[in-house]
Amino acid sequence: MAKSKTIVYQLSDNTKREMINYFKDKRRPKTPPYAVFQADESDTVVTLYQSGKVVFQGISADIDAAIWKEKEEYLNKGKRLEDLTKKPKKKSSIISNHETQDYYFINSIGSDEVGTGDYFGPIIITAALVNKKDIPFLEDLGVKDSKKITDDKIKEIAPQIIKKVPHTIVILNNLDYNKHYSKEINMNKIKAILHNKALSLLLKKDDLKYDLIIIDQFVNQIKYYQYLKNVPQIIKNLTFVTQAESKCLSVACASIISRYFFLKEMNKLSQDLGITLPKGAGIKVDQVAKEIISKYGVDKLKDIAKLNFKNTKRII
Ligand code: MN
């Protein structure tokens, strides 16, 4: 008898759309959790998840998978299809070395920040706790290196993460940023203080179970604690990991939640101004800043921008 196979691919949004359309009339009445649909294609069961992950199961799974592999490659020329089919001993596509494994299948607290490279908008830092049991759920959502996830995807998955994952958020608005840091400006010190704050708030919650507290390293450990010299409550026993978003799911979640609230704040500011605020600190940002000055006066900048950035000198 032929053996049933399971093949798993990560699809791009365009292929995902095609697939939804194609299986419109083949859907099963019941949809598994976090799936868009489950459908039958002769004797293959096809399950498409919201994250773009698709699972083919059955004796002819390889044939149907090959058809969609071809489609994915045709629609996204030059991009290599991400094959998530479980290979023995390799539990996730993210795992590439020993170090990563140490931070991945654990209960962890992680923190990450957004907005420190953007002229407009606040700085947002999130600390999040991921329990081992929630790892499959987060993998299905497509929580990986959050830097590679589009803004639209962030808006789709962040609310689901927020519901599942204990977290705390610290927001430093522009007015406070400019008030406190206009003299002695050191972005790394700001980050250290805010990371520590988000972590202390999270650790105040009851019944937290975790193996490690991981921080996406932006400065070495010695400097980090020097910056916190005068802070009353310092969270020690941190594990500093570079590029932690791609190695540890709690940091990836912290990053996604931070980005989600940053997008919301930018949206709110843009609506209030009637001008869309761009991210980053480039030429486009300078143009928009000038537009804001001519509409509202130069004073407005202190409410919406980080004045110590070079942009300020360039535009005034
Ligand atoms: Mn980071």
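Start at 1 and go down the list; that is how both ligands and their atoms are numbered. These values consider heavy atoms only, across backbone and side chains, with no hydrogens, waters or symmetry-generated copies.
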Contact list for residues 278-295, test side-chain hydrogen bond (donor to acceptor under 3.5 Å, both in side chains), sequence neighbours left out: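 Found Asp151-Lys279, Asp286-Asn311, Asp286-Arg314.
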Steps toward side-chain contact (heavy atoms from CB on, under 4.5 Å) verdict (Ile257, Phe262): CA-CA 9 Å; Ile257 296 170; Phe262 184 75; over 6 Å; no
Any donor-acceptor N or O pair under 3.5 Å, side chains Thr126, His167: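 Side chains of Thr126 and His167: no pair found under 3.5 Å.
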Short side-chain donor-acceptor distance under 3.5 Å, Thr276 and Ser270: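 The criterion, which ignores hydrogens and geometry beyond distance, is not satisfied for Thr276 and Ser270.
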Residue pairs, two or more places apart or on separate chains, that pass salt bridge (charged side-chain N to carboxylate O under 4.0 Å, His left out) and touch residues 196-224: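 Residue pairs passing salt bridge (charged side-chain N to carboxylate O under 4.0 Å, His left out), neighbours aside: none found.
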Sub-2.8 Å protein N, O or S atoms surrounding the Mn ion (ligand 1):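 Listed by chain and number, the nearby protein N, O or S atoms are Asp112 OD1, Asp216 OD2.
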Contacts of Phe37 that satisfy ring pair (Phe, Tyr, Trp, His ring centres under 6.0 Å) - sequence neighbours left out: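 Testing Phe37 for ring pair (Phe, Tyr, Trp, His ring centres under 6.0 Å), a comparison that skips the adjacent residues, returns Phe23.
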